Every structure is written in C-alpha cells, then in structure tokens.
Trainee: 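I have a structure here, written as structure tokens, and I will follow up with some questions on it.
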There are 2 protein chains.
Amino acid sequence: MATGTSDRILDAALASFGSRGYDATSLDAVAKQLDIRKQTILYWFPTKEALLGSVIERSATELAEAFEVGLEGAGEGWAKVEAVVRAVFRLASRRPELLALVREVARLGPPAATKMLLVLDPLVQRASSFLEAEMTAGRMRRHDPRLLLLAIYSTVIGMVTEVEVLRALGEEPTARSLVRRRADVLGLLRSALKTEA
Amino acid sequence: MATGTSDRILDAALASFGSRGYDATSLDAVAKQLDIRKQTILYWFPTKEALLGSVIERSATELAEAFEVGLEGAGEGWAKVEAVVRAVFRLASRRPELLALVREVARLGPPAATKMLLVLDPLVQRASSFLEAEMTAGRMRRHDPRLLLLAIYSTVIGMVTEVEVLRALGEEPTARSLVRRRADVLGLLRSALKTEA
DNA sequence: GTGGCCACCTACCAAATGGTAGACAAAATC
DNA sequence: GATTTTGTCTACCATTTGGTAGGTGGCCAC
C-alpha cells in the first residue's frame, strides 16, 4: 500500500467515484475522508476532471494486469473464457471498486470512457479475435463477435455490480453469493457458447 | 403528447435523468429546456427528490404496461421469454429513456430503487416463478431462478443501454444495429436456456 | 545558516444549486 | 362584480461547488 498522499487520494476518489458516482462526489468529501484539505487534492491533481483521468488511468492498468495474470497458463479454447470470467469475479471480491468504476465510466461516456478504452482496447481486440477464431474452428456457436462480447460484458459486469437489482431479487450480496453467481454465469455461458464436439 | 405543464416537466426530467443522470441534472437546466422557470417545477413537485419519485412512478407503470402488452397472447414456455425480450427491445426503440432510467435508478439505490421496485415487483415475482416452473417441467436448464433473472436482466438491459461500450466495440447504435442485437440476444438466450426436447 | 523548493495549509471567490417568500394575472366560484 | 384559487413569475437566500492566491513550515543543498 502506497502511503504517498497522491495515492491515498486516488484510492479514495476511486472508491467514491465507483460507489457514489462522479457527479455526486465532491472534492471536499474526498478530502474530509482523508483528513486533508481540498487544496491538497488540487495540488496533486489540477482539476476534478484530471483526478478522474488519473483514477481511470491507474485503474485501467490494474484491470489489464488482472486479466493478464488471469490468462497466464490458462490453456486454450473454452478454458480461456473461464479464466477471464474467474479473473473478473476475483476482482469483484478483492477490488470491487475497480468494476464499479468501469460501470460508472461507461455511463459517463467520453472523454472519460475514451481514456479508459485507450488502455483496455488491446484486450478488447484480443478477446474479439479470440472469439472469432474459436467460432471458425467450430468450438463455439456462431455469433457476431462484437455483440457477443457486449453480451458477455453486460452479463458479467451486471452479475458483479448490480447490487441493487440483486437485493430486489431477494439475494444478499455476500461473499458466498458471489461464488454462486460465478458458478451460475459460467454455467450459463458454457451452455450458451460451447458446442458439443 | 400530454400538454399539461406537469407532464411536460416529467417528460423532460425523465429524459435528463436517464441520459445525464440524476445528480448531473439541475432543475434550472430542465426548466430552461421547457422555457419555464425553476419555480414552476417546484410548484408542481415540492423537491427535486419528489420529482424523481414521480418520474419513477410514472415510468414504472408504463414499463409494467409494456410488459403486459408484450405478454398478451404470447403463448407458453419459451415463447414467453421471447415475448418479454421483444417487448424490451420495442421499448428500446420507442422509449429508450425508460430503460435508461431503469439503469440510473438501479445505480442510485434506495430510496429511488425501492420506489421503482414497488411497482415492478409483481412482474419480478411472476417471472421468477415462471422460470421455476419451466425448469421443473424440464423445458429449461436448471439454474437458480433469481440469479438467472439477474443474468437475463443484465444482458438485455446492457445490450440496450450500454451505448458507450457498444461504440467501444466499433458498433454504432443505429436502429439496424438494435435489430441485430435483439436477434443476437434471443439466439444466445435460446441456446443457453432451452433444453433439446 | 540561508536560499529555495516541496507539500500542505488558510483565506477567499464566483458560479451554481435546491429551495423560500411573495407578487400578480387569469380563471373559476360565489 | 367581488373574491378566491390556480399557475407562473421575480426576487432572494444559504449552501455547496470547483478553483485561485498566497502564506508557512520543514527539509535539503550549498
């Protein structure tokens, strides 16, 4: 844990942007939480937007790393999809703020979304061409790879971040529930995508 | 188009809450868009929160109606799932603000989310027990009905409202694309859920 | 020890925000 | 015709917001 002030600011901002949302997060609130003054935040990050930018940059890098680690020695074919899904659920339990931020940034749109994509785009491309290859090899059902990716993204990110909907369905968002959700998603994706052969 | 002032306010607020988000929507902005004064809004709705409440109430009712209409004479079993998905995509093309609001309200959490759920809960219960019945009848693969519902919700709402992610994947959110997305979702759900028999 | 820089602070500020008080004209009620 | 009610407005207000200006103490190089 980096104890540098700027890192502490980034941590607190990440958490607040993810949970409360960017607009509902005031610099004063972040500062108060860290027991520093707002001007210290503005010393490290010239504007609130710049702070968001830095949060996104750092988070996107961490996300990318988590995926890489998850994919290390993950085998081929279907095992790769499973590895990625497992990586996301691992993040959901260890660093839920990261996924909440992804959700928030997707909602904010450009320029925030553009910035995040800049880092994540290589992964997206790899994922897309991987799916494409699996399909042409007949190991996965045919779909538009991009739409399939959106569907997978929505499902997984939803299962992991839609806490309110989860509650509405009468399921409490505990650690145990997360494991069940992971099993469910994997089961769903397997039967949706994998071909018999 | 209802020409009553309070209805016009509700329309504009719905659109802004859905697209910009609740926090980023100011009463002044809504008023300006309608060429009235903020105080007129506060005459019809005592506070901003109350305005959100009314927007939610009206939208939830409209949503519920849309589902009912979609389900009318929709046949049994899998046809029902298809009818619901089609109803959502019809809304996505005719009243996208409604779905954007659902997304925003889910993000805001209680008390807004609670209010929306109050109206939508019967539908949720019906859907849940429908899925349960289909599974015990062996017409659908076994899953936890609630988690399955969350997965379906996430996928469909995501395919319909995640415009930024869609763009990131290189697909423009046109009307034609919406039709393709609907076909894709239906295909995915069918192979994920339907049993062979 | 002193000059300079770094990290953080206090003191402000202008704009925007949700909300209150009350005037006023038109329409409805008697 | 007088009076009340309804809908909208102007005029304010307190608070919060992101951001500026500038000071201060500690530390390091010399």
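We name chains A, B, ... by the order of the sequence lines, and we start the count at 1 in each one. Below, each value reflects all heavy atoms present in this structure, side chains not excepted, and no hydrogens, waters or symmetry copies. For clarity, every value in this text was computed on a predicted model and none was experimentally measured.
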Trainee: Just so I know, are the side chains of B:F89 and B:V156 near enough to count as touching, which here means a heavy-atom distance under 4.5 Å?
Mentor: yes

Trainee: Would you mind reporting whether A:V30 and A:I36 have side-chain heavy atoms less than 4.5 Å apart?
Mentor: no

Trainee: Any heavy-atom pair between the side chains of A:E171 and B:L150 that's under 4.5 Å?
Mentor: no

Trainee: Between A:D7 and A:R58, is there a side-chain N and carboxylate O pair less than 4.0 Å apart?
Mentor: yes

Trainee: Quick check on DNA chain D: between A:Y22 and B:W44, whose nearest nucleotide comes earlier from the 5' end?
Mentor: B:W44

Trainee: For DNA chain C, note the earliest and the latest nucleotide, 5' to 3', having some atom under 4.0 Å of a heavy atom belonging to chain A.
Mentor: C:dC6 to C:dA11

Trainee: Just the table, please: protein N/O against nucleotides 19-22 of chain D N/O, every pair under 3.5 Å.
Mentor:
from, atom 1, to, atom 2, distance (Å)
D:dG19, OP2, A:K48, N, 2.8
D:dG19, O6, A:K38, NZ, 3.4
D:dG19, O6, A:Q39, NE2, 3.0
D:dT20, O4, A:Q39, NE2, 3.0

Trainee: Kindly compute the distance separating CD (B:E132) from OG (B:S128), expressed to the nearest 0.5 Å.
Mentor: 7.0 Å

Trainee: Can you measure B:I36 atom CD1 to D:dT10 atom C1' for me and round it to whole angstrom units?
Mentor: 15 Å

Trainee: May I ask you to verify if any side-chain N or O of B:T5 is less than 4.0 angstrom from the OP1 or OP2 atom of D:dT8?
Mentor: yes

Trainee: Is B:R126 paired with B:E68 through a side-chain N to carboxylate O contact shorter than 4.0 Å?
Mentor: yes

Trainee: Is any side-chain heavy atom of B:K48 less than 4.5 Å from a side-chain heavy atom of B:S26?
Mentor: no

Trainee: Does B:S6 reach a base, just sugar-phosphate, or nothing at all? Heavy atoms under 4.0 Å.
Mentor: nothing

Trainee: Below 4.0 angstrom from OP1 or OP2 of D:dT8, is there any side-chain N or O of B:Y43?
Mentor: no

Trainee: Pick out which of A:R107, A:M116, A:E97 makes a side chain to side chain contact (heavy atoms under 4.5 Å, CB included) with A:V102.
Mentor: A:M116

Trainee: Rounded off to whole Å, could you give me the NZ-to-P distance for the A:K32 and D:dT17 pair?
Mentor: 10 Å

